[in-house]
2 protein chains.
Amino acid sequence: MDSTPTFNVLVPDCPSREIMQRLGDKWTPLVMLTLASGPLRFSELRQHIGSVTPKVLTSTLRTLERDGLVDRQVTAQVPIRVDYELTNLGLSLLEPMDAIRIWSEKHAAKVMAARELFDEN
Amino acid sequence: MDSTPTFNVLVPDCPSREIMQRLGDKWTPLVMLTLASGPLRFSELRQHIGSVTPKVLTSTLRTLERDGLVDRQVTAQVPIRVDYELTNLGLSLLEPMDAIRIWSEKHAAKVMAARELFDEN
DNA sequence: CCGGATCCTATGCGATACTG
DNA sequence: CAGTATCGCATAGGATCCGG
């Protein structure tokens, strides 16, 4: 007897599906990967990623915090200082996410070539 | 001298960024993972995934085909038969994607717990 | 059976300006 | 510095029906 609930993304209502789909949010992987090298402040994060607006970065970070992947540290000083860092749970996701990044960078040229070929016809 | 262009998702205009973000489309991972076990017909794909409308599944498959990740095989018969299968490029993406799936299923409970805790406050 | 054609809506995302 | 407040849009995604 196994009382541990099993999760399966191929079951439409399984929470794991929604979670996996969340991880594909436009900015989530970039935020996670940027935090891989250590804690960063809000503005640092912005600069590293580039082209992300504060509003969207905030909402992405909130979601990550809510999901337990990122920790938010507020230091009360003037001006205020806020640092974001990966939790242990977040760290455990790093390797899979980095694999996606590596694949994307490694095969980008092939994908682009495939697109050109496809668009010709 | 290295004439090979390097890709970096942290560079805003690098094609690899857009490609990585594409891979996070709502249905892309599910389609890829469902095709992992072999070629499937359109309707089979639909049934396996469940809750995906034909229009969206079609557009997802078209994008995957355009990106060179999925191959579309049409058999002219009545009624028509269309099979989809992963290309070699698609196969190479399977392992990273499956790692994401495994993580999602393995840590779903923790994420859900984190959400509950977060929402309490 | 496959999936295109339409129509529609929810919302992710962006731009800008402003505040504790 | 670290966001929040508005506003607005593009578009991914969904529901339905129809056609080859």
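Per chain, numbering begins at 1; letters A, B, ... match sequence-line order.
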Establish whether the base of dG13(D) is bridged to the side chain of Lys55(B) by a donor-acceptor pair shorter than 3.5 Å.
->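 Answer yes: a donor N or O sits under 3.5 Å from an acceptor.
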
Should [X] be listed as having a side-chain N or O under 4.0 Å from OP1 or OP2 of [N]?
| X | N | answer |
| --- | --- | --- |
| Tyr84(A) | dG3(D) | yes |
| Arg41(B) | dG3(C) | no |
| Arg81(B) | dC2(C) | no |
| Arg62(A) | dG3(D) | yes |
| Ser43(A) | dC1(D) | no |

Separation of [N] [atom2] from [X] [atom1] (nearest whole Å):
| X | N | atom1 | atom2 | value |
| --- | --- | --- | --- | --- |
| Gln73(A) | dG3(D) | CD | C1' | 17 Å |
| Lys26(B) | dA12(D) | NZ | P | 13 Å |
| Asp25(A) | dG12(C) | CG | P | 8 Å |
| Glu44(B) | dC1(C) | CD | C1' | 11 Å |
| Leu57(B) | dA5(C) | CG | P | 17 Å |
| Gln47(A) | dG3(D) | CD | C1' | 15 Å |
| Gln21(A) | dG12(C) | CD | P | 13 Å |
| Arg22(B) | dG13(D) | CZ | C1' | 13 Å |

Are any of the side-chain nitrogens in Arg22(A) or Asp67(A) under 4.0 Å away from the carboxylate oxygens of its partner?
->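 No salt bridge links Arg22(A) with Asp67(A).
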
Full working for side chain to side chain contact (heavy atoms under 4.5 Å, CB included) between Leu61(B) and Arg72(B) = CA-CA 9 Å; Leu61(B) 285 166; Arg72(B) 182 169 177 269; over 6 Å; no

Start with the C-alpha gap between Phe118(B) and Glu65(A), add the side-chain angles, then the distance that decides, and say whether side chain to side chain contact (heavy atoms under 4.5 Å, CB included) holds.
-> CA-CA 8 Å; Phe118(B) 185 91; Glu65(A) 191 190 357; 3.8 Å; yes

Using a 4.0 Å heavy-atom cut-off across all strands, classify Arg72(B) as base, sugar-phosphate, or nothing.
->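 If one applies the 4.0 Å heavy-atom cut-off, Arg72(B) turns out to touch the sugar-phosphate alone, with no base involved.
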
If you draw a 6.0 Å radius around CD in Glu116(B), do more than 12 non-hydrogen atoms from other residues or ligands fall strictly inside?
->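 No, not enclosed.
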
Please figure out whether Ile80(A) or Ser51(A) has its closest DNA chain C nucleotide nearer the 5' end.
->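 The 5'-side residue here is Ser51(A).
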
Go through Arg115(A) and Glu18(B) one step at a time and tell me if the salt bridge (Lys or Arg N to Asp or Glu O under 4.0 Å) criterion holds.
-> CA-CA 13 Å; Arg115(A) 287 180 183 178; Glu18(B) 185 267 342; 2.9 Å; yes

When the nearest nucleotide of DNA chain D is assigned to Arg46(A) and to Gly24(B) on a heavy-atom basis, which residue is associated with the more 5' position?
->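 Counting from the 5' end, the first nearest nucleotide belongs to Arg46(A).
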
